[in-house]
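I have a structure I would like to understand better, so I am pasting it below and will then ask my questions one at a time.
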Amino acid sequence: MIFSTFEHILTHISFSVVSIVITIHLMSLLVDGIIELYDSSDKGMITTFFCITGFLITRWISSGHFPLSDLYESLMFLSWSFSIIHIVPKIWNQKNHLSIITAPGTIFTQGFATSGLLTKLQQSTILVPALKSQWLMMHVSMMVLSYAALLCGSLLSVALLVITFRKNIEIFGKNNHLLIGSFSFGEIQCMNERKNILRNPFFLSFRNFHRYQLIQQLDYWSYRVISLGFLFLTIGILSGAVWANEAWGAYWNWDPKETWAFITWTIFAIYLHTRRNKNLQGANSAIVASLGFLIIWICYFGVNLLGIGLHSYGSFTLTSN
């Protein structure tokens with residue numbers, strides 16, 4: 001009872017803190033140049049990280065096994081993975097765009113985990129025989145960490161595509177001729193001067209350079225994060241094969257979870273290949289990574305929703321009252 005109460009306290013604190021972090025990010029979009037906002041969001045993610053870490057440790061002690069036995073625990077671990085991905089680059093003071101993804105990812109996964117849909121899974125239970133193995137921590141932790149990294153990298157690629165293919169939008173928009181009559185001659189002249197500045201070749205070249213620089217940064221960080229996630233995914237699949245041989249007598253059974261994990265691995269292997277090819281870098285490789293974003297959710301969540309195959313012990317079913 002004490003452990004359960006402590007778990008609820010930690011989850012509510014972390015969820016509240018990360019909600020504040022997202023609010024701070026929205027405020028920073030409206031108010032530029034306020035360093036305190038960014039510092040507060042970083043401190044908030046660190047607080048969230050320690051709260052979820054406390055939850056996982058408490059769950060581990062109370063249940064007697066590593067907390068990765070069902071969808072609820074894996075979602076909390078996925079939320080923890082998003083928070084640590086946010087923190088690690090900060091240790092080396094490297095500027096990146098991960099914060100706009102890790103905070104929403106943390107609150108989304110944690111919000112779903114603590115929702116009413118997974119109420120039955122929130123109570124710790126005894127492990128099924130197939131999960132009573134030393135490979136549980138190795139295999140499942142590597143897989144969930146890979147999902148978090150690959151999701152972050154894929155979303156960076158989606159952002160790259162949006163910036164690359166979007167049409168040029170005027171910053172101040174089109175004038176509304178119905179309102180011109182309410183402006184003075186000086187205000188109209190000021191607006192015309194702003195238009196001339198925006199049409200200035202130097203301003204356009206500066207804006208294009210800034211856009212090019214942003215695309216390069218997104219491509220750089222997407223490649224780095226996906227490479228890390230691909231490494232985790234490879235380790236997870238190999239360790240899972242060894243575990244499957246011990247539990248079921250075969251390294252590979254073409255179980256739905258295994259099949260979609262292999263498809264996910266293949267998609268991101270193609271991404272890494274296209275990313276290293278100079279002729280296919282940029283938008284082409286980003287399209288592959290964006291496709292991988294959908295494949296990951298099918299592999300991680302879709303298969304669990306179906307509740308079929310040898311991995312069905314981690315699934316849940318939607319029931320109506």
Stepwise side chain to side chain contact (heavy atoms under 4.5 Å, CB included) check, I13 with F55: CA-CA 11 Å; I13 292 175; F55 164 83; over 6 Å; no
Can you find a pair of side-chain heavy atoms, one from T274 and one from N284, that are under 4.5 Å apart? no
Within the 4.5 Å heavy-atom criterion, are R59 and Y72 side-chain neighbours or not? yes
F82 side, atom CZ; I107 side, atom CD1 - distance, nearest 0.5 Å: 12.5 Å
Find out if a path of hydrophobic residues (ILVMFWY) with successive side-chain heavy-atom gaps under 4.5 Å connects W254 to I263. yes
Hey, does the side chain of S154 reach the backbone of S290 with a donor-acceptor pair shorter than 3.5 angstrom? no
Could you grab the distance from atom OG1 of T264 to atom CG of L150, nearest 0.5 Å is fine? 8.0 Å
Y251, F262: one ILVMFWY side-chain cluster at the under-4.5 Å cut-off? no
So do T109 and F77 actually touch side chain to side chain, heavy atoms under 4.5 Å? no
Testing the basics here: between F66 and M137, what is the closest heavy-atom pair and its distance to 0.1 Å? CD1-CE, 3.7 Å
Close side-chain approach of Y147 and C299, heavy atoms under 4.5 Å: yes
Counting the benzene-type ring for Trp, do F230 and W265 have ring centres under 6.0 Å apart? yes
Decide yes or no for W297 and L151: does some side-chain heavy atom of the first lie under 4.5 Å from some side-chain heavy atom of the second? yes
Is the closest side-chain heavy-atom distance between W221 and L160 below 4.5 Å? no
For the CE atom of M76 and the CG atom of L71, what is their distance to the nearest 0.5 Å? 12.0 Å
Atom OG in S157, atom CG in L291: separation rounded to 0.5 Å? 11.5 Å
What's the spacing between T259 OG1 and I298 CD1 if we round to 0.5 Å? 13.0 Å
For I226 and A289, the nearest pair of non-hydrogen atoms, with its separation, is CD1-CB, 3.9 Å
Apply side chain to side chain contact (heavy atoms under 4.5 Å, CB included) to the pair F49 and I84, showing each step before the final yes or no. CA-CA 7 Å; F49 166 76; I84 198 172; 4.1 Å; yes
Under 6.0 Å from the CZ atom of F293, do we count more than 12 heavy atoms belonging to anything else shown? yes
Counting distance only, does the side-chain N/O of S285 pair as donor-acceptor with the main-chain N or O of Y271 below 3.5 Å? no
Same cluster or not: L136 versus L238, using hydrophobic residues (I, L, V, M, F, W, Y) connected whenever any side-chain heavy atoms lie under 4.5 Å apart? no
CD1 of I61 to CG of L56, rounded to nearest 0.5 Å, is 11.5 Å
May I ask you to test the L272-Y223 pair for a side-chain heavy-atom distance under 4.5 Å? yes
Side-chain (E258) to main-chain (N253) donor-acceptor, under 3.5 angstrom: yes
Closest non-hydrogen atom pair between M45 and S83, with its separation: CE-CA, 3.8 Å
Report the C-alpha separation of S74 and Y300 in whole Å, then their side-chain angles, then the decisive distance to 0.1 Å, and conclude whether the side chain to side chain donor-acceptor pair (under 3.5 Å) test is met. CA-CA 10 Å; S74 68; Y300 174 65; 2.9 Å; yes
What verdict does the side chain to side chain contact (heavy atoms under 4.5 Å, CB included) test give for F268 and I295, after you've listed the backbone C-alpha separation in whole Å, the side-chain angles of each residue and the deciding distance to 0.1 Å? CA-CA 10 Å; F268 285 101; I295 300 298; 5.9 Å; no
Residues C152 and I101: closest non-hydrogen pair is O-CD1, 3.6 Å
Would you check if L233 and M143 make a side-chain contact, meaning some heavy-atom pair closer than 4.5 Å? yes
T106 vs I52, side chain to side chain contact (heavy atoms under 4.5 Å, CB included): CA-CA, chis, key distance, verdict: CA-CA 10 Å; T106 302; I52 302 177; 4.3 Å; yes
Closest non-hydrogen atoms of G54 and L10, given as atom of the first, atom of the second and distance, are C-CD1, 3.4 Å
Scanning both residues in full, the closest heavy-atom pair of S146 with G229 reads CB-O, 3.3 Å
